[in-house]
Amino acid sequence: MHRSAMALCAYARVMMVILLLFMCSVSATRAERQMYFSGFVGTMTENRWHDALVPGRVQFADSHLVGGALGWDRQIGDSRFRYGFEAQLAVHFGRQDLLELTVPVVLRYVPEKETAVRSIAAGIGLSYASEIPQVEIDRNGASQRLFVHWMAELEFGLSDPNRSAFVRLHHRSDGYGVFEVDAGSTGFVLGVRHRF
């Protein structure tokens, strides 16, 4: 079996487990579930994701994004973890003008003690761009509209317990061979969130 087909099968199995978790949670009471809306702005980099985390290596791409996300999550048993889903729509402008829709499954850790950090989260799913992103073409020579999306986030509490601010690494790529075209892009995002 071709390497990308095996990776796609592995990805499909992970998504099936996540779907089963979701189906098992349908009986959860409304108090256990939370909906939220997030608004965000960000800028894209020329870097691979791990290079974007090193301050001296960051090269900004003169391409930006603004968007919103609607999300849902619930606590996993009595643990400090929550899982859920998010639908994000971002408008990219600058070097690339396109819409991006991302749908990640999100795992969130909420610290037991109240600190400035309200939660730490990671999510993975799919990203669909209305046009092939120019930043990815310029950096990699080629790209495509549908890719793997993942994000890593730190959420910070504000004075209103239903509101928070967050910083996020926004990434889309071939997912280490899930898709044929070897390309990707990474951005830094700042946002605010309201839970209801």
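- Every salt bridge (Lys or Arg N to Asp or Glu O under 4.0 Å) that Arg168 has, sequence neighbours left out, goes to Glu86, Glu153.
- The closest side-chain heavy-atom distance from Ser127 to Thr102 is below 4.5 Å.
- Linking ILVMFWY residues whenever their side-chain heavy atoms come closer than 4.5 Å, directly or via other members, places Ile124 and Phe179 in the same cluster.
- Between Val135 and Ser63 the shortest heavy-atom distance is CG2-CB, 3.7 Å.
- Here the closest heavy-atom approach between residue Phe147 and residue Ser143 is recorded as CE1-OG, 3.3 Å.
- To the nearest 0.5 Å, the span separating CE on Met35 from CH2 on Trp72 amounts to 9.5 Å.
- The hydrophobic cluster analysis finds Leu98 isolated: no Ile, Leu, Val, Met, Phe, Trp or Tyr side chain comes under 4.5 Å of it, directly or through other members.
- In this structure, Leu107 CG and Ile76 CD1 are separated by 5.5 Å, a value rounded to the nearest 0.5 Å.
- Screening Arg145, His149, Gln88, His170 for a side-chain hydrogen bond (donor to acceptor under 3.5 Å, both in side chains) with Glu100, the sole residue that qualifies is His170.
- Between the side chain of Arg80 and the backbone N or O of Pro111 there is at least one donor-acceptor pair closer than 3.5 Å.
- Here Val58 pairs with Thr45, Asn47, Phe60, Phe188 under the side-chain contact (heavy atoms from CB on, under 4.5 Å) rule; sequence neighbours left out.
- A tilted orientation is assigned to the rings of Trp150 and His171, their planes being inclined by 30° to 60°.
- Evaluation of the salt bridge (Lys or Arg N to Asp or Glu O under 4.0 Å) rule for Glu136 yields Arg172 as partners, not counting sequence neighbours.
- Atom OG1 of residue Thr186 and atom CE of residue Met151 lie 14.5 Å apart, to the nearest 0.5 angstrom.
- Side chains of Arg82 and Gln75: a donor-acceptor N/O pair is absent below 3.5 angstrom, by distance only.
- Applying the side-chain hydrogen bond (donor to acceptor under 3.5 Å, both in side chains) test to Asp51 and every residue at least two apart in sequence or in another chain returns Arg48, Arg57.
- Summarising the geometry of Ala183 relative to Ala142, their closest heavy-atom pair is CB-O, 3.2 Å, with the distance given to 0.1 Å.
- Annotation: side-chain contact (heavy atoms from CB on, under 4.5 Å) contacts of Asn162 (sequence neighbours excluded): Asp160, His194.
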Begin from the C-alpha positions of Phe85 and Val103 and carry the test side-chain contact (heavy atoms from CB on, under 4.5 Å) through to its verdict.
CA-CA 7 Å; Phe85 304 89; Val103 186; 5.8 Å; no
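- Ile120 belongs to a hydrophobic cluster whose remaining members, ordered by chain and number, are Val117, Leu154, Phe156, Val167, Leu190; membership requires side-chain heavy atoms of ILVMFWY residues under 4.5 Å apart, directly or through intermediates.
- Checked against side-chain hydrogen bond (donor to acceptor under 3.5 Å, both in side chains), Asp138 has the following partners two or more places apart in sequence or in another chain: Arg95, Gln134.
- Applying the salt bridge (Lys or Arg N to Asp or Glu O under 4.0 Å) criterion to Asp62, with sequence neighbours excluded, gives no partner residue.
- Not counting sequence neighbours, the partners of Glu155 by the salt bridge (Lys or Arg N to Asp or Glu O under 4.0 Å) test are Arg108, Arg193.
- The side-chain contact (heavy atoms from CB on, under 4.5 Å) search around Val192 returns none, not counting sequence neighbours.
- Grouped by direct or indirect side-chain proximity (heavy atoms under 4.5 Å, Ile/Leu/Val/Met/Phe/Trp/Tyr only), Leu65 sits with Phe40, Met44, Phe166, Val189.
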Derivation and outcome, side-chain contact (heavy atoms from CB on, under 4.5 Å), residues Leu99 and Tyr128
CA-CA 8 Å; Leu99 293 175; Tyr128 180 80; over 6 Å; no
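- Once rounded to the nearest 0.5 Å, the distance linking CG of Leu89 with CG of Leu101 reads 6.5 Å.
- In this structure a side-chain-to-backbone donor-acceptor pair under 3.5 Å is present from Gln144 to Leu146.
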For a side-chain contact (heavy atoms from CB on, under 4.5 Å) check, start with the C-alpha distance between Val181 and Asp174, then their side-chain angles and the critical distance, and finish with the verdict.
CA-CA 6 Å; Val181 179; Asp174 63 303; 5.8 Å; no
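- Note on Val148 and Leu169: same hydrophobic cluster, where clusters join Ile, Leu, Val, Met, Phe, Trp and Tyr whose side-chain heavy atoms are under 4.5 Å apart, directly or indirectly.
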